[in-house]
Amino acid sequence: MSAHMHSKFYIGYRPSPRRLNSCMMVDNPYLAHLPPFQRGAVHSSSSSPLFGFLPRKVKGEQVRKAMNHQLNPFTKQPHSAQYRKILETRRALPVFSQMDDFLELFSKNQIIVMVGETGAGKTTQIPQFVTYSDLPHTKGKLVACTQPRRVAAMSVAQRVADEMDVQLGKQVGYSIRFEDMTESETTFLKYMTDGMLLREAMSDTELSRYSTIILDEAHERTLATDILMGLLKNLAKRRKDLKIIVMSATLDTVKFQSYFSLHDSAAGEKPSPAPLFKVPGRTHPVEVFYIQEPEPDYVEAAIRTVLMIHRAEDPGDILIFLTGEEEIEDACRKIKIEADDLLNADPSSVGPLMCVPLYSSLPLQQQQRIFDAAPKPSQAGYPPGRKVVVSTNIAETSLTIDGIVYVVDPGFLKQTVYNPRIRVESSLVSPISKASAQQRAGRAGRTRPGKCFRLYTEKDFMLELEEQTHPEILRSNLANAVLGLAKYGIKDLVRFDFLDAPAPETLMRALELLNYLAALNDEGELTALGGVMAEFPLDPQLAKMLIVSPEFRVSNEILTITAMLSIPNVWLRPPNQRAAAEQAKAMLTVPEGDHFTLLNVYNNYAQSTYSEPDVIQSMTPLVDKDDRNWAWNNFLSARALAQAENVRAQLLRTMEKYDVDVISLEDERKRNIGIRQALTCGFFMQVAHKEGEKGSYLTVKDNQVVALHPSCGLDTQPEWVLFNEFVLTKRPYIRTVTEVKPEWLLEYAPVYFDLASFPDGETKRALQRVANRRRGTNGGKEPRPKKKLKKSQMNH
DNA sequence: GAGCACTGC
């Protein structure tokens, strides 16, 4: 299928008259050593705005002159009036006055570490300065600037395109999952997600398209940025022509500087830290208050603080950080009740209060309410109203709300922690770091001076809080990352130079899983199967299951199930309509297993959908689509379903690229068996065996006592179940569960289920009985696979 | 009979 070629998001190469013109004349001496075909974009006469620019030796004086030039050097068109207007505001940015220093440092160094608080303009300006000096368009290369989030990559690219007076997607573009807004041979400044650059590195280990790579928001320490830092540090030694800039918002730069110290140890050089470039921030002062005594109940304390602010402080909106949906909804209810009481008791001295919850699973329309204006006074001459946003950590970095003057910070967040011993990621409430506390406080000073109320003591802040949040690489399951690094060609992970090295046990768990899945052989080398697995934007278990599924002739169904397992929860449960939501869910439930229910939900959704097969939907939720009613009526998240559709389309393209056939079985009974067999091939390490009659299960090998999650739709309690997720909340649960046959475990995962090395227990005895039975039916011979599997799919 | 902090490919 080549449908995506017609998508509006895939802009093909089109020769333009402008590009042809720019190829004509060359009079710049430094061009002499360039191959002729690279001369294209360079300037034709002394009137050219970039006349005399020597790549990477450009001075601030020259750039300012070019910026003020009548012609845009990159389009050869006259600058617009809007350009000049924006240029005025750019000149007021702190970083703009440091252009000369920056360009000098850039000329002299391969790697630079930059630090600057928000508001300094580094994300928009530095890549432009780099472009003027590096002149990537003259070498057929690009400058890349990575961002941890898609929205940031898109909006910054738009802003910079405006600043440079070019059309977004031409000279300046962005690249995020599902959307490539660049034009090959035209785009030379590209904003992209860090994950996107990491993926590119897997197929082009030299990242040869790029002349300069800027890692922005490096202090956030996302998994992708951390791995990129490791790769780039090494790459810098091989590619002396590659320049790297690491930009961070906190002062923890010494670590970055020494990590990126460049020295030639062979030549006996001493390591010298990478140079640091500082940009002053430009935010308003925020006054910080601490409590005197520790508070046992931070939610209650937060509510009291909000009401105190409301009664006693000047007008201005409030932002409270809590940890999760339930806590937030609960707090909103209580604040509303209390605030209404205050208003009724004394309307002349207290204004009305509007309380808005904010968390990521909230439907987008409700999220938008955070931008509503605060309520008006209850009557003329009375105090103005106030808006209170009660949010998760999403408001710390992902969403910015203007007009916040007061921040209430109880000092906690929910974050996942990976326990490699039991191979479980769980969501835990934990204290924030100092850096995070500082970031939260900063949210009060975006529009004018503000106040931050910390619901912990100053002593606790000083002594108990960690300096920085633990980077993701130390808190996550690394199976995916390790597969990616293997694909990249990293052989010795234990000696890989990470900024913060993950726990050896975490790496071991990842290697073990990939070995059982036959993505890595016993020497830890990538197998052919592993190479294809790495091409899919999926966890290894899902990738394996999908690639194997054509063997069972159910890849069409497994594709859908995979997409549904890669998106957030689709089930909505509005607190006041729980019964109705349960009923709707029951209508869609397939008793054979939760994976089948997910398949059923998607198929129903797809049928209800007006489909545009030739258009890849953008990441924007499809709120106008016909199916919105169907999703809504069935208490399903339209946003999640639209995401599933996107993911499915992307996976389908990858399957086609790597010749993974998309097929389906006509016969329903056979099809359902095939689906469960394919599931087994990916998830044989996530199987539980029923123990006793009380519905408790024991996970295979790890021997964790678990229960079926209450959301599970099975109508019986099968002896053997496969699960997608182990969740550790009040009790350990397994979620998204389907029955499997023990024969399949022995057949499709013989290494993992090798009984000679299996831990003793009831599970082993049950498997032993199955093995004996199988031998019996085979006349004493070793079991033989019913279906001939490709070598790559067998475990060794 | 319970929950999904938040990103990303």
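Reminder, nothing fancy here: chain letters follow the sequence lines and each chain counts from 1.
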May I have the distance from [X] (atom [atom1]) to [N] (atom [atom2]), rounded to whole angstrom?
X: A/F635; N: B/dC4; atom1: CZ; atom2: P; result: 21 Å
X: A/N724; N: B/dC4; atom1: CG; atom2: C1'; result: 13 Å
X: A/L399; N: B/dC6; atom1: CG; atom2: P; result: 10 Å
X: A/E220; N: B/dC6; atom1: CD; atom2: P; result: 14 Å
X: A/L362; N: B/dC6; atom1: CG; atom2: P; result: 10 Å
X: A/R731; N: B/dG1; atom1: CZ; atom2: P; result: 9 Å
X: A/E326; N: B/dG3; atom1: CD; atom2: C1'; result: 7 Å
X: A/F726; N: B/dG3; atom1: CZ; atom2: P; result: 13 Å

With a 4.0 Å cut-off on heavy atoms, is [X] in touch with a base, just the backbone sugar-phosphate, or nothing at all?
X: A/R199; value: base
X: A/R221; value: nothing
X: A/P568; value: nothing
X: A/T397; value: nothing
X: A/E582; value: base
X: A/I394; value: sugar-phosphate
X: A/Y733; value: sugar-phosphate

side-chain hydrogen bond (donor to acceptor under 3.5 Å, both in side chains), that's the test. Do A/Y174 and A/Q158 meet it? Break it down for me. CA-CA 9 Å; A/Y174 64 86; A/Q158 178 65 67; over 6 Å; no
Name the atoms and distances for all side-chain donor-acceptor pairs under 3.5 Å in residues 410-419 of chain A, with sequence neighbours left out.
| from | atom 1 | to | atom 2 | distance (Å) |
| --- | --- | --- | --- | --- |
| A/Q415 | NE2 | A/S430 | OG | 3.4 |
| A/N419 | OD1 | A/R421 | N | 2.9 |

Do A/R209 and A/E200 meet the salt-bridge criterion of a basic N to acidic O distance under 4.0 Å? yes
May I have the step-by-step check of side-chain hydrogen bond (donor to acceptor under 3.5 Å, both in side chains) for A/Y359 and A/E327, ending in yes or no? CA-CA 11 Å; A/Y359 43 89; A/E327 212 173 79; over 6 Å; no
OP1 or OP2 of [N] versus the side-chain N and O atoms of [X]: is any pair under 4.0 Å?
X: A/S427; N: B/dG3; value: no
X: A/R150; N: B/dC9; value: yes
X: A/R475; N: B/dA5; value: no
X: A/S360; N: B/dC6; value: yes

Quick one: on DNA chain B, does A/T193 or A/T416 contact a more 5' nucleotide (nearest heavy atom)? A/T416
Go nucleotide by nucleotide along DNA chain B from the 5' end; which of A/G195 and A/L728 gets its closest nucleotide reached first? A/L728
List in chain and number order the residues that pass side-chain contact (heavy atoms from CB on, under 4.5 Å) with A/Q583, two or more places apart in sequence or in another chain; answer none if no residue qualifies. none
Is any side-chain N or O of A/N569 under 3.5 Å from a base N or O of B/dC4, one able to act as donor and the other as acceptor? yes
Can you tell me if CZ on A/R475 sees more than 12 non-hydrogen neighbours from other groups inside 6.0 Å? yes
Of the listed nucleotides (B/dC4, B/dC9, B/dG8), which one gets closest to any side-chain atom of A/P537? B/dC9
